[in-house]
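For reference, the structure discussed in these notes is given below.
Note on naming: letters A, B, ... go to the chains in the order of the sequence lines (proteins, then strands), and numbering restarts at 1 for each one.
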Amino acid sequence: MGRYNLAPQRVHTYASQLIQNKRLPSPPPWYNTIGSVPPAERLVRPPLQRSQLPGAKPAGGRKKSRLFKPLQLHYKEDSLRWEYFNDHPWELARPRVVLENDGRDQERSNWGVPLDHSLNRPRSGEMSEEGVKLDDEWDSIRQQQAGRPINGEAVVQRQAYLMSRGLSNAAAYDAARKEFYRLRHSRETETRVAREEALATGAFFGPGPLDIGMKLEDQQYDAWKTWATKEIAALKQLQGSAYTGNENEEGGVEAIEADSLQDDLQEVSESIPASRGGLEARGGAAVHP
Amino acid sequence: MILRSLLLRHGRRALPKPPTPTPIRACRRYLASEVETTYTNPLQDQQFVESGIGGTKSQAIASLPTRDTASATTAADSDLVKQDWDFFQHQKKITNPIGTSLGPHYKPHELLAYPPWPKDITLELLMASQAHIGHATSLWNPANAKYIFGVRGERDPIHIISLDVTAAHLRRACKIVRGVTERGGLVLFVGSREGQARTVVKAAQMAQGCHLFSKWIPGSITNGQQILGKCSKKVVDEHDNVVEGFEGQLLQKAALKPDLVVCLNPLENYVLLHECGLNNIPTIGIIDTDANPTWVTYPIPANDDSLRSVQVIAGVLGRAGQEGQEVRAAKAKRGIVDYMQNHGLEPPSEEDEEAKQKLEKEQSLLAAADAFEVEDLDVEDEAAPDAAHAMVGEDGVAVIPGVDRSLVSEQDSDAHEYVFQSEERGAAVQEEGVQEQQAAPLFAGEGEGGQSAEGEGGAWREKGGQV
């Protein structure tokens, strides 16, 4: 059948023929199994989507059929995600765990609980109007929801939950992100305080990535400097040795004279633009032999 | 400064009272090597839960339940270390349940140690192991359209594999593996991508089949006589016991062929699958969205790039093989053998036995003569098999414990030519333990050779029996 090799699908048929023609003394071990559980059909392309609504005619004549193309998957939260991550693009730069335990992880997080719930611990012994101990309630919720990851995706989920409770898009967004801001703020403060405490009690965190980068860069500059000095010395030596003889002697004298003149000028006017000495070269090496 | 003034004002009262009166000796040390001779527990001042507030360790220890008072008192007197150890264990027991406890969670090693069973296949399991993630839409093979659930993503879209299709195909593949092993078939598990080795070996162990985690040597099926012909084979009965007496016949037998091949990465193993098609061997393969589903008999549409997904699928298939083997063993125990094998072996006759004994004698004489005469060539002799071994191991062709390794690589080079010839005589002696034939009405052929790094070395093991 054209370019397809269908031998793998026809093993049972072929084995039946062999047995029928007594080419095989006994059926192979898979013969009965494959006979009872045949392979599924292949190379069949089911229509995956409608080309148009029934009864509707495309505006610009016949469109290219997308009948056999897979459907694009869209979810309600996609627009919320788009909005949130456009407003907070750096949230995407934070590492996030995408590993799932058993595929039902999402069901265990209750987005009815505010994102900053961990900060709202009531005072010990406080009672609600119904006579429920608030701190016990907080503890029990915390026990269930402490593992809920609080990140950008949590904001989206919380916003979707609030919208399902009747809040408008904007109101839900504001509520969710403000809870999130509060939690992030407190976490950052905690981290900073912990760092300061550690430093105050003698911790040493070592050079940071920037320091290490600067150090490496400095090493490269230094290495280049020694190399360039050597090169200049070698070039000068080569130049001096190339001009030997009468002409060169004269030239050498002239050069020396010129050099001394230069030195005098330098003393008088160092680094004056438009003078003979010219402006000092800063930041580069003048390698003009 | 503050401390000093405090001392001046209050004198000795300001100093904390030492817990035990220290001898004056402790204030001075005459020698640098002098050490404290009495051991003081640094945790002595700690308060302990058992003895209530303000309790000491001795009170806590006294409250411990003692098995034997007499021995306990003597132990307490004599053995401080034991006392501490007991107390540590007790404390651990008391404090262990305090604090948080870790709920059930994903442990990567458990997929290898305890793979899921076919009955554990759920869509959640498949999704958690990322079996649904396909390749970029531009890489797809349109023949996989049936297995695709949809396209996800705007900028860099990927195909999402439909997990209910995956589960259905996986269950079907399980039935095949189970059925084949139940009827004494030999299953070969192949996964040559990085990181798949342990999965493949584990699955093969469970299904009592063969494994291959390195390159498939092209022609190992179609040209098996040349490539794997020298690998060891053995005959086993329906209880998997080795049956002696088939050595001479097995010498002439070609390498065994698997009855079912499970390929975890079909894209890299096209040659293997093609050879299976030529030899009418059914195959099972993980088909990602960029693979061609017609290469295998039973495709399992799933993600073949995620190790977790591959481990789940290979583990489930291995477990299916285990179930089949268990059924087969249980049937054999009751004396039921409902399958046959096309091994083409004849029961060994008495003439064969005599000829064999004669051959053995000759071989031993020859071997002795070799050992005596060819001493000067021993250096070359020893070096060559090592080289052959290294090469063979690299290629993934098995190293067979019983057979001389230089035999496996006989086709390689003229450098080994002499070695090969001289070994040929010696090898016959060794083959006794390795090769077999069959005689009894009940037996199975089991050949070993080829493709494993486990030393067990069985690329092909054939099992079978006849009623």
Side-chain angles (χ1 to χ4, degrees), chain A residues 1 3-15 17-18 23-49 67-75 78 82 98-108 142-144 146-147, chain B residues 100 103-106 122-130 137 140 142-143 145-146 148-154 157 159-160 168-169 172 175-176 178-186 259-260 273-274 276-278 280-283 292-299 339-342 344 464 466:
Chain A
M1 190 183 134
R3 60 211 167 94
Y4 288 115
N5 175 17
L6 293 181
Q9 279 94 82
R10 294 184 180 151
V11 281
H12 191 263
T13 322
Y14 187 57
Q17 288 170 357
L18 289 181
R23 298 272 306 280
L24 273 182
S26 67
W30 45 262
Y31 186 75
N32 288 342
T33 314
I34 289 187
S36 58
V37 188
E41 63 174 5
R42 226 147 313 167
L43 301 177
V44 178
R45 299 186 68 180
L48 293 171
Q49 54 185 327
L67 187 62
F68 297 105
K69 289 208 169 179
L71 283 169
Q72 190 80 29
L73 301 177
H74 293 291
Y75 297 96
D78 283 352
W82 193 87
V98 292
L99 185 80
E100 294 201 37
N101 283 332
D102 57 357
R104 307 182 73 109
D105 303 32
Q106 188 62 22
E107 293 171 14
R108 292 195 194 99
R142 199 70 197 119
Q143 217 168 15
Q144 312 256 323
Chain B
T100 56
H105 61 282
Y106 168 59
T122 53
L123 300 196
E124 289 93 2
L125 172 71
L126 290 171
M127 193 177 72
S129 51
Q130 299 150 3
T137 49
W140 82 318
K146 261 185 83 171
I148 287 175
F149 179 63
V151 180
R152 184 77 179 129
E154 301 285 342
H159 278 126
I160 302 295
H169 280 74
R172 186 176 300 204
K175 274 185 198 166
I176 301 298
R178 191 192 149 108
V180 170
T181 47
E182 209 179 308
R183 313 187 125 260
L186 184 71
D259 295 310
L260 178 69
L273 297 174
H274 186 71
C276 289
L278 292 178
N280 213 33
I281 295 167
T283 47
N292 189 342
T294 59
W295 287 1
V296 293
T297 315
Y298 289 93
Y339 49 89
M340 294 165 73
Q341 288 274 324
N342 300 327
Q466 84 187 28

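- Among all heavy-atom pairs drawn from B:Ala143 and A:Leu43, the shortest one is CB-CD2, 3.6 Å.
- Atom-to-atom distance recorded for B:Leu125:CG and A:Asp102:CG is 9.0 Å, nearest 0.5 angstrom.
- Heavy-atom pairs under 4.5 Å with chain B were tallied for A:Gln143, A:Glu100, A:His12; the largest tally goes to A:Glu100.
- Closest approach of B:Asn342 and A:Pro25 over heavy atoms only: OD1-CG, 3.5 Å.
- Between B:Trp140 and A:Phe68, the shortest heavy-atom contact is CH2-O, 4.3 Å.
- A:Pro46 approaches B:Lys146 most closely through the heavy-atom pair CD-CG, 3.6 Å.
- For the options A:Ile34, A:Asn101, A:Leu18, heavy-atom pairs under 4.5 Å to chain B are most numerous at A:Asn101.
- In this structure, the side chain of B:Asp259 does not engage the main chain of A:Pro29 through any donor-acceptor pair within 3.5 Å.
- For the residue pair A:Gly103 and B:Ala128, the shortest heavy atom distance occurs at N-CB, 3.4 Å.
- Using a 4.5 Å cut-off between heavy atoms, B:Ile281 touches chain A through its backbone atoms (N, CA, C, O) alone.
- For a residue to count as touching a neighbouring chain, one of its non-hydrogen atoms must lie under 4.5 Å from one of that chain's; by this rule B:Leu260 does not touch chain A.
- Interface summary for chain A: among B:His159, B:Arg152, B:Met127, the most heavy-atom pairs under 4.5 angstrom belong to B:Arg152.
- At a 4.5 Å heavy-atom cutoff, the contact between B:Trp295 and chain A is made by backbone atoms alone.
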List the steps, then state whether side chain to side chain contact (heavy atoms under 4.5 Å, CB included) holds for A:Leu71 with B:Val151. CA-CA 6 Å; A:Leu71 283 169; B:Val151 180; over 6 Å; no

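- Annotation: the span from A:Asn5 atom CG to B:Asn292 atom CG amounts to 9.5 Å, rounded to 0.5 Å.
- Counting heavy-atom pairs closer than 4.5 Å to chain A, the top residue among B:Ile148, B:Val180, B:Ile176 is B:Ile176.
- If you tally non-hydrogen atom pairs under 4.5 Å between each of B:Glu154, B:Gln130, B:His169 and chain A, the highest count goes to B:Glu154.
- Checked by atom type and distance alone, the side chain of A:Arg45 never pairs as donor or acceptor with a backbone atom of B:Ala145 at under 3.5 Å.
- Of the possible donor and acceptor atoms, none in the side chain of B:Arg183 sits under 3.5 Å from a partner among the backbone N and O of A:Tyr31.
- With chain B as partner, the option from A:Arg42, A:Gln9, A:Gln72 having the largest number of non-hydrogen pairs under 4.5 angstrom is A:Arg42.
- Here the side chain of B:Arg172 pairs no donor or acceptor atom with the backbone of A:Val37 at under 3.5 angstrom.
- Counting heavy-atom pairs under 4.5 Å between each of B:Leu123, B:Val296, B:Thr137, B:Thr181 and chain A puts B:Val296 at the top.
- Taken from CG in A:Leu99 to NE2 in B:His105, the straight-line distance is 10.0 Å, to the nearest 0.5 Å.
- The candidate with the highest count of non-hydrogen atom pairs below 4.5 Å against chain A, out of B:Tyr106, B:Phe149, B:Tyr298, is B:Tyr298.
- When heavy atoms are compared at a cutoff of 4.5 Å, A:Asp78 approaches chain B solely by way of its side chain, counted from C-beta outward.
- Using a 4.5 Å cut-off between heavy atoms, A:Glu41 touches chain B through backbone and side chain atoms alike.
- Of the listed residues B:Pro282, B:Pro299, B:Pro142, the one with more heavy-atom pairs under 4.5 angstrom with chain A than any other is B:Pro282.
- Side-chain contact between B:Thr297 and A:Trp30: absent, with no pair of heavy atoms (C-beta onward) separated by less than 4.5 Å.
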